[in-house]
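This structure is a prediction, so every number in the text was calculated from the model and none was measured.
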Amino acid sequence: MSQLLSSDLNWFPCAYQNTDLVITVLDDHRDQSDYWSTVVDPDHDFPNQDQNWGELVRYDGDFEGGAFDDQISTPSTSSEEQSPHSSVDDPKEVNPLSIVVVDNGKQSTPFRGDFEELRKLFDVISRQIEEISRAIEEIKQEIWIKHYCSSHKILLVGEGDFSFSACLGRAFGRADNMIATSLNSQDFLKKNYGQAMSNIQSLRSRGCKVIHKVNATEMAGHKKLNVVKYDRIVYNFPHAGFSSKESVTDEIRKHQDLVSLFMANAKKMIEEKGEIHISHKCNKFFEQWGLRKLAKKNGLVVMEEVKFNLSDYPGYNTKYGFGGDKNFDCNPSKTYKFRLKKRASES
């Protein structure tokens with residue numbers, strides 16, 4: 001029974017005490033009648049005398065991943081040639097043979113005489129049914145907030161005070177479908193963003209994984225992030241910082257490098273039909289970054305550009321990435337949606 005439990009849950013035995021309610025679930029040998037031996041004692045009551053569990057049948061095989069061995073012996077009509085195991089006066093002595101409950105002569109279901117093991121198997125099946133039921137309910141109750149759904153696997157990159165990811169978690173009522181990351185350390189967040197720790201606590205209480213010191217330009221190699229593919233990878237307002245010593249051209253190149261490397265990494269982590277989102281200011285200096293060209297360079301296709309409205313995300317604060325608890329003005333901005341190329345000819 002232990003081999004059956006560990007190797008093949010697609011095949012399992014089960015029966016109710018009322019033989020009219022026997023559930024029959026067979027493996028690929030269901031139509032091969034030569035796997036069944038003859039009835040040994042059709043009048044035997046089991047496991048107690050006041051409830052008939054049906055007829056007892058034995059076979060001399062064993063389970064092999066849910067199937068029987070090829071050698072099935074049929075008891076001889078001669079009492080001298082009868083296998084010593086054919087006696088079922090004491091049900092406890094039937095082991096290692098299997099017992100079969102026959103539902104009024106219809107196809108029957110084998111199970112071991114070890115009822116404790118059978119109970120454990122029922123527990124496993126019950127848990128699986130509960131998990132499937134919960135999954136179905138979640139699908140029925142999908143919750144959307146703008147471009148994001150509670151059923152999506154979402155990776156958030158470059159979070160400031162984690163207010164954007166916390167907003168999604170509140171909207172969904174859960175956050176176990178999300179991983180929220182920040183380049184900064186937890187100590188930095190405590191010192192610079194007044195609401196960061198409460199947002200992180202809110203996320204974790206809803207099941208979100210929060211990871212610090214994640215570099216968006218190297219994230220595809222992060223051992224905690226590259227274990228799954230994502231439906232949405234989100235980087236809001238990427239910025240490589242300003243320096244008074246750099247020219248505007250150098251500043252733009254630095255930002256382009258950041259975005260391009262993020263795209264190259266995200267491309268390796270996204271589902272085939274997933275989307276990579278970058279929310280970005282779209283005036284003057286910021287338009288010169290050329291997100292469309294960067295996407296093409298990295299083998300991505302622009303799906304659409306959508307106006308970004310801060311009011312669509314209640315509680316989201318657009319923090320500066322290098323300290324200070326002030327919010328920057330994100331208007332005007334767009335959310336750029338990218339996907340993988342389906343054909344080499346796409347641009």
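Salt bridge status for Arg206 with Asp176: absent, with no side-chain N to carboxylate O gap under 4.0 Å. With respect to Arg292 and Glu305, a salt bridge is recorded, a charged nitrogen being found less than 4.0 Å from a carboxylate O. A salt bridge does not link Arg339 with Glu275: none of the charged nitrogens is closer than 4.0 Å to a carboxylate oxygen.
Taking the ring centroids of Phe308 and Tyr313, they lie under the 6.0 Å cut-off.
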Val157/Val214 under side chain to side chain contact (heavy atoms under 4.5 Å, CB included): CA gap, chis, key distance, verdict: CA-CA 8 Å; Val157 178; Val214 174; 5.6 Å; no
Residue pair His280, Lys334: steps toward the side-chain hydrogen bond (donor to acceptor under 3.5 Å, both in side chains) verdict: CA-CA 6 Å; His280 181 60; Lys334 293 179 181 179; over 6 Å; no
Worked check of side-chain hydrogen bond (donor to acceptor under 3.5 Å, both in side chains) between Asn327 and Lys319: CA-CA 5 Å; Asn327 300 334; Lys319 298 296 182 182; 3.0 Å; yes
side-chain hydrogen bond (donor to acceptor under 3.5 Å, both in side chains) between Gln195 and Ser198, intermediate numbers included: CA-CA 5 Å; Gln195 298 298 315; Ser198 62; 3.3 Å; yes
Scan the side chains in residues 231-242 for donor-acceptor partners under 3.5 Å anywhere in the protein, sequence neighbours excluded, and list what turns up.
| from | atom 1 | to | atom 2 | distance (Å) |
| --- | --- | --- | --- | --- |
| Asp231 | OD2 | Lys153 | N | 2.7 |
| Asn236 | OD1 | Ser279 | OG | 3.2 |
| His239 | ND1 | Gly241 | N | 2.9 |

Would you list the atom pairs, donor with acceptor, under 3.5 Å between side chains in residues 261-268 and any protein atom, with sequence neighbours excluded?
| from | atom 1 | to | atom 2 | distance (Å) |
| --- | --- | --- | --- | --- |
| Asn265 | OD1 | Met219 | N | 3.3 |
| Asn265 | OD1 | Ala220 | N | 2.9 |
| Asn265 | ND2 | Thr217 | O | 2.8 |
| Asn265 | ND2 | Leu261 | O | 2.8 |
| Lys267 | NZ | Asn298 | O | 3.2 |

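In the displayed structure, Glu304 atom CD is contacted under 6.0 Å by more than 12 heavy atoms of other residues, nucleotides or ligands. Counting heavy-atom neighbours within 6.0 Å of Gln186 CD, excluding the residue itself, gives a total above 12. In the displayed structure, Glu271 atom CD is contacted under 6.0 Å by more than 12 heavy atoms of other residues, nucleotides or ligands.
In summary, the side chains of Asp161 and Ser163 do present a donor paired with an acceptor at a separation below 3.5 Å, with no hydrogens or angles considered.
Residue pairs meeting the side-chain hydrogen bond (donor to acceptor under 3.5 Å, both in side chains) criterion with at least one member in residues 250-259, sequence neighbours excluded, are Glu246-Lys254, Ser247-Asp250, Asp250-Arg253.
Here CD of Glu142 is found 4.0 Å from SG of Cys149. Values are rounded to the nearest 0.5 Å.
In this structure, Ile143 and Ala171 approach most closely via the heavy-atom pair CG2-O, 3.4 Å.
Ser182 places no side-chain N or O within 3.5 Å of a backbone atom of Gly160 that could act as its donor or acceptor partner.
Taking 4.5 Å as the limit, every side-chain heavy atom of Phe162 sits out of range of all side-chain heavy atoms of Leu156.
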